[in-house]
Amino acid sequence: MTALDLSSPVAVVGTGTMGQGIAQVALVAGHHVRLFDAAPGRAQDAADAIGARLDRLVEKDRMTPADRDAARGRLHAAGSLAELADCSLVVEAVLEQLDVKQQLLRDLEDVVDEDCLLATNTSSLSVTAIGGVLRNPGRFVGLHFFNPAPLLPLVEVVSGFATDVTSATRAYEMARAWGKTPVACADTPGFIVNRLARPFYAEAFAAYEAQSADPATIDAVLRECGGFRMGAFELTDLIGQDVNEAVTHSVWQAFFQDVRFTPSLAQRRLVESGRLGRKTGQGWYDYGDDAERAEPHTAEKAQAPAYVVAEGDLGPASDLLALIREAGVPVREDEEDHGTRLVLPSGGQLVLADGQTSVEFRDVVYFDLALDYRRATRIALSASQDTQPQTLSEAVGLFQALGKDVSVLGDTPGMIVARTVARIVDLAHDAVAKGVATEEDVDTAMRLGVNYPLGPFEWSRRLGRSWAHEILDELHQRDPSGRYAPSLALYRHAYATDKREGTP
Ligand SMILES: NC(=O)c1ccc[n+]([C@@H]2O[C@H](COP(=O)([O-])OP(=O)(O)OC[C@H]3O[C@@H](n4cnc5c(N)ncnc54)[C@H](O)[C@@H]3O)[C@@H](O)[C@H]2O)c1
């Protein structure tokens, strides 16, 4: 099955933000493109706006004037749906409302040929439900572009329950021919990206609700320690709190209120107060002209410990030993298997976040998972009221000696990065086990769709097969609501490793 012939006209219905972007992609790929919008004059406005964008590409030397003129000649604003009759593909990008999309598809089916591919750019509705009204739902597929469509490479090609394999393959090949990176996925709430990204927001908001730290500190930890491009608070301010909450809400509802996707009360209040983010001048942060930039909590300078004793294998944090030695702090290695931790001169312990809380141990400081301990510029620590001040001070001084800023959080089981990554890894295993997508497509989708530094499976391989299961199991024991319950797929994954390694 091949992509659409370039001589085949393509139509885009609904010419707002997404429709214009998708139309530009098809146009630049070489198709004739028809635009249609229910609001009078809007299709022509969209054609003008696309033309202006092509002008800017010419100004930036990214398109020749001849190509621009040819593209403009292929773009046509249609006055009625009937003008789309000879199109080989129609992509709808109208209002995100089931009945509106269904009515449009019924109307389209009366107009276009039998072999015209019909597609929806819905981001949260069921492709199966939208296409269910068609006489031939086999030709209907989800083509989920990301905003801005001309710039972002990812397209989720979503097969509804009734979508023919040939239609999905045609859509996939077409997205590739348009210069995009398609991933194939089943019709599931949130598809790949919006399903697997939920914990990134939810865990940050939960840590804030639990008073572990303020938004600026949590964001700094996600960026500077976790390697995420942006923190959850600043990112949702950019997306719009109402838009981000609506996605969370619809995924949660579509999963029959599965507790793993429960929306955040703190975000609800923010939306209720009208603080929707950058677009209203205020969200988690203040964007007013005289607003002060919120700074993360950063610990005062503390003395580095005279030495540390390393016990057991530090797992994902083993790079730390070399860094500590390079910083001139002697490391004594204790081969006895007391656990996996660093013991400080105070007698207190420094342990990688494992899902337990620091109140369970007399004198412990937890440190968060870093994407790369050498490159991380900040480390989060958490302590409880039972942690000796000397232990906390030595822990702070140790990481400062490695050149890191240190943020001290309240007692936070699983810290910030570790539990966020563990939950994303779990949802990824769960989704693949349920046939939503392949591991490779999941990794591609999360790297390209939300810019994660690693795909969940790359992360999982790096952290060790049982790591995510162990941390979630501990969190689940402390919060038995089900939010952290590791999936059967993750359990199987961890258990299979144990068997291979010969452990009972
Ligand atoms: N904005 C995003 O970031 C984004 C990203 C991915 C997917 N989506 C999805 O893309 C679709 C469009 O979103 P948008 O942000 O471009 O919306 P938008 O509000 O910018 O544009 C929607 C357009 O559809 C038109 N319209 C409404 N009903 C119509 C009908 N029955 N027939 C023809 N035209 C009609 C409106 O006049 C408007 O011009 C939605 O399904 C949305 O969920 C949006």
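Read the numbers this way: they start at 1 and go in the same order the structure lists the ligands and their atoms. All values derive from a computational prediction rather than experimental measurement.
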Is His144 in contact with ligand 1, taking contact as a heavy-atom separation below 4.0 Å? yes

Minimum-distance protein heavy atom relative to [atom]:
atom	result
atom 32 (N) of ligand 1	Ala38 CB, 3.6 Å
atom 21 (O) of ligand 1	Gly16 CA, 3.3 Å
atom 20 (O) of ligand 1	Thr17 N, 3.1 Å

Asn121 versus Glu92, side-chain donor and acceptor atoms under 3.5 Å: no

Set of residues satisfying ring pair (Phe, Tyr, Trp, His ring centres under 6.0 Å) with respect to Tyr287, sequence neighbours excluded: none

Does Phe146 have any ring pair (Phe, Tyr, Trp, His ring centres under 6.0 Å) partners at least two apart in sequence or in another chain, and if so, which? His144

Name of the residue among Asp219, Asp368, Asp405 meeting salt bridge (Lys or Arg N to Asp or Glu O under 4.0 Å) with Arg378: Asp405

For Thr15, is there any backbone N or O sitting under 3.5 Å from a side-chain donor or acceptor partner on Asp37? yes

Can you find a protein heavy atom under 4.0 Å from atom 17 (O) of ligand 1? no

Relative to atom 40 (C) of ligand 1, which among Val94, Leu81, Leu95 owns the nearest non-hydrogen atom? Val94

For atom 22 (C) of ligand 1, state which one of Ala93, Ala46, Ala43 supplies the nearest heavy atom. Ala93

